[in-house]
2 protein chains.
Amino acid sequence: MAEITIKYLAEKLKLAPSTVSRALNDSHEISANTKKKVLDLAKELNFQPNPYARSLREQKSKTIGVIIPERINNFFSQVIDGMETVTKVHGYHLLVYNSNEDIEQEKNILTLLLGGRVDALVMSISGQNEKSKHLDILKNRTTPVVFFDRIPHDFPTTKLITNGYEAGYNGATHLIKKGCRKIIFLVLSKEISIGKERMRGYLDALKAHNIPFENSWIVVCGHSEAKNIDLLENLFYKLDRPDGVLASVEKLALATYRALAKTNIKMPDQVKMISFSNMKIADLLNPPLSTISQPAFEIGKECANLLMKKLTRKNQPDLEDKTIVLPSQISLRESTGK
Amino acid sequence: MAEITIKYLAEKLKLAPSTVSRALNDSHEISANTKKKVLDLAKELNFQPNPYARSLREQKSKTIGVIIPERINNFFSQVIDGMETVTKVHGYHLLVYNSNEDIEQEKNILTLLLGGRVDALVMSISGQNEKSKHLDILKNRTTPVVFFDRIPHDFPTTKLITNGYEAGYNGATHLIKKGCRKIIFLVLSKEISIGKERMRGYLDALKAHNIPFENSWIVVCGHSEAKNIDLLENLFYKLDRPDGVLASVEKLALATYRALAKTNIKMPDQVKMISFSNMKIADLLNPPLSTISQPAFEIGKECANLLMKKLTRKNQPDLEDKTIVLPSQISLRESTGK
DNA sequence: GTGAAAGCGCTAACAC
DNA sequence: GTGTTAGCGCTTTCAC
């Protein structure tokens, strides 16, 4: 770690450490002259105050913990980029952890972080279920938490999502308008909050358009790409195969492309698809994929802003128990028929 | 931050703080009985030692700083995932920063981190140039650094790359074998190390196959997607337009797809392309993209392993000044003609 | 406007 | 096997 300290600067300048500290922190009770001397020497020696000594003393770490269920995913990368743009101007740091969609790991990370390593948390919870019992350790704590995208519905804090219901409704409606009558809904887990909202929208769209729904249209997939492809392929071999697909996550749209490649079924002629996705190259797929995308960068910025406000100002109230809903954007491409 | 401390545990158990500390750290000089009592209470109260007090005392932070030029990129996400799998078993944390391909920002992050916030660094340097003068602040420091992918050639430490020369050679050779005679090489900046190696391979492949090279075949692109597309589109309108493209980074292959979409030129019939890329859905593009991919996860693991070895063992020698070369993998798809 | 001293929570050297 | 003490580098009373 660094070797040059405030004490050292103080000796060099024949000042007390406290004076140097105050000068560095631009305290008004220090003369302009002393300030300059201190700042000059600090710059010359490339002095950086020891962050851990400061953290210990001030009881705050100036770092935010981030837990995401998956790292190789544009959506989450964009969110984190958004967070970093705002945290860095406040001198805050980002400790990012991947829970790998695993509640156990999520819990471990949480325990680790609650030891005081971070001043606040941003989470998108693992998709196994949303019972979120493992989040109880957070509840007796004062550490502010913000959830986004994959949110627990019963945790009293601020949450950020996009309008899943509306987007699901619009996505399904678009398929219906394009002539689809057997529209399946692909979901990773029925338990997870975003899936649920999107599904509600889908179901209501069917109802509104008088399309009789069948339970088998809800296709619950898993985390194994190979198994999902198999599952989907078999679905398309059936006599009453679907003519429309609404994928609640990008991963499942990709699996659908791969499953279809194994059959003779053509998209968009025989089956149309639209998917929730933040991929930047939806236009380059074959055929180009119609998507519903989320303002990921904005979500990240907003999460960070909420926390920066709470952390950098005095006497801020606790984070409100509310859900902020941001609009998603629908982009129509050939996968739903041009 | 956390409120329950070693001192508190000590009072509860009528022991000295030092005894509690030793018990928690499983020191052999503590009786099994006391150990159990301490551990039990610690578990019951969910005690986590204050990481910053520990860092201050031990003069190490148990965290690694990571600086990448771009976050929304599968390659870097995979590398970080790889690092995390190994750091987490050693109790190390990852502080990740995005330099946005900007040397100034890279320098700022570096100065910040050198204040003692991290025990070691992993970097993939910004692509503006590889003069790496801004890395000089690192040179007088003892902080171990490992570079990967975008490496400075004149910095005495361990670097990890893939066999760019060979891959470039093989990529170009493949295009030649497929009948291409005017093969352009797309590069983000001529200065950057990986681009150079890949280009050397490309040039040698041309020479080995007696293809007369023209300077205009090296196409230096920028960071603006729109401008790159324009540049490429114009290239394809020329009379002696290229019939082969070797893209040294994924981004430029995507720009080529988009540029071609504006013309009547068909891939792979009239022009073939292969690109360095770690994208997982190369097979879903139209046409599927032949790729040369890097073992990103492995690279991340290896970087972390090198640092863990240096940091967790006593009297480890400094990181050797050498370059470890990992093999890349070539996957042929329709973009180069099946 | 500056200095002296205490203490954040932890570990380690030194008692005993 | 356990306790006492000092100190990591910083900020912040409290003096003057």
Side-chain angles (χ1 to χ4, degrees), chain A residues 1-39 41-42 45-63 91 112 114-119 142 314, chain B residues 1-39 41-42 45-63 91 112 114-119 142 314:
Chain A
M1 301 204 349
E3 57 297 312
I4 140 147
T5 69
I6 279 194
K7 203 172 148 196
Y8 177 82
L9 293 184
E11 278 167 15
K12 278 278 180 199
L13 294 168
K14 307 232 176 287
L15 286 170
S18 50
T19 309
V20 175
S21 169
R22 279 184 278 236
L24 290 169
N25 292 314
D26 201 27
S27 159
H28 50 269
E29 42 184 8
I30 299 293
S31 74
N33 189 23
T34 330
K35 245 180 219 175
K36 185 171 172 357
K37 279 199 310 198
V38 172
L39 258 23
L41 184 62
L45 298 180
N46 228 304
F47 168 76
Q48 289 287 120
N50 183 307
Y52 298 118
R54 188 177 261 177
S55 288
L56 179 58
R57 174 65 226 231
E58 300 199 313
Q59 297 292 75
K60 59 184 183 195
S61 63
K62 287 231 172 196
T63 107
L112 214 63
L114 256 17
R117 195 171 286 272
V118 299
D119 295 340
T142 54
K314 288 192 198 306
Chain B
M1 300 203 352
E3 56 299 310
I4 140 149
T5 69
I6 279 194
K7 201 171 150 198
Y8 177 81
L9 293 185
E11 278 168 17
K12 278 278 180 198
L13 294 168
K14 308 231 175 287
L15 286 171
S18 54
T19 308
V20 175
S21 169
R22 278 184 280 238
L24 290 169
N25 292 315
D26 201 26
S27 160
H28 51 268
E29 42 182 10
I30 299 293
S31 75
N33 188 22
T34 329
K35 245 181 218 175
K36 186 172 173 355
K37 278 199 309 197
V38 172
L39 258 22
L41 184 61
L45 299 179
N46 229 303
F47 168 76
Q48 289 287 122
N50 183 309
Y52 298 119
R54 189 178 260 177
S55 288
L56 179 58
R57 173 66 226 225
E58 300 199 314
Q59 296 293 73
K60 59 184 184 197
S61 64
K62 287 233 173 191
T63 106
L112 215 62
L114 256 18
R117 195 171 286 272
V118 299
D119 295 340
T142 54
K314 287 192 198 304

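Letters A, B, ... are given to chains in the order of the sequence lines, protein chains preceding strands, and every chain is numbered from 1. Just so it is clear, the values below take in all heavy atoms, side chains as well, and ignore hydrogens, waters and symmetry mates.
Listed in residue order, the members of residues 14-25 of chain A having a heavy atom less than 4.0 Å from DNA chain D are A/S18, A/S21, A/R22, A/N25.
The listed nucleotides are D/dT11, D/dC8, C/dG1; the one nearest the side chain of A/T34 is C/dG1. Distances from the side chain of A/A53 to the nucleotides D/dC10, D/dC8, D/dG1 place D/dC10 closest. When the nucleotides D/dC10, D/dT2, C/dC10 are ranked by their closest atom to the side chain of A/R54, D/dC10 comes out on top.
In terms of the side chain to side chain contact (heavy atoms under 4.5 Å, CB included) criterion, residue partners of B/L39 (sequence neighbours excluded) are, by chain and number, B/L24. The side chain to side chain contact (heavy atoms under 4.5 Å, CB included) test applied to B/K35 returns B/A23, B/D26, B/I30, not counting sequence neighbours.
At the heavy-atom level, A/F47 lies under 4.0 Å from the strands shown only through sugar-phosphate atoms.
For residues 45-57 of chain A, the set of pairs meeting the salt bridge (charged side-chain N to carboxylate O under 4.0 Å, His left out) definition, not counting sequence neighbours, is empty.
D/dT11 atom C1' lies 7 Å from atom CD of A/E58, rounded to whole Å. Atom CG in B/L9 sits roughly 11 Å away from atom P in C/dT11 (whole-Å rounding).
Note on A/Q59: a side-chain N or O is less than 4.0 Å away from OP1 or OP2 of C/dG9.
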Throw together a table of side-chain donor-acceptor distances under 3.5 angstrom for residues 12-21 of chain A, partners on residues two or more places apart or in other chains.
residue: A/S18; atom: OG; partner: A/R22; partner atom: NH2; Å: 3.3

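Expressed to the nearest 0.5 Å, how far CZ of A/R117 lies from CG of A/L114 amounts to 12.5 Å.
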Would you check, one step at a time, whether the test side chain to side chain contact (heavy atoms under 4.5 Å, CB included) holds for B/F47 with B/L41? CA-CA 8 Å; B/F47 168 76; B/L41 184 61; over 6 Å; no
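Panel note: side chain B/S61, backbone B/S55; no donor-acceptor pair is recorded below 3.5 Å. The main-chain N or O of A/A53 is never found under 3.5 Å from a side-chain atom of B/Y52 such that the two would form a donor-acceptor pair.
For the helix from C/dG1-D/dC16 to C/dC16-D/dG1, the rotation axes defined at the first and last 5 base pairs enclose an angle of 40°, given to the nearest 10°.
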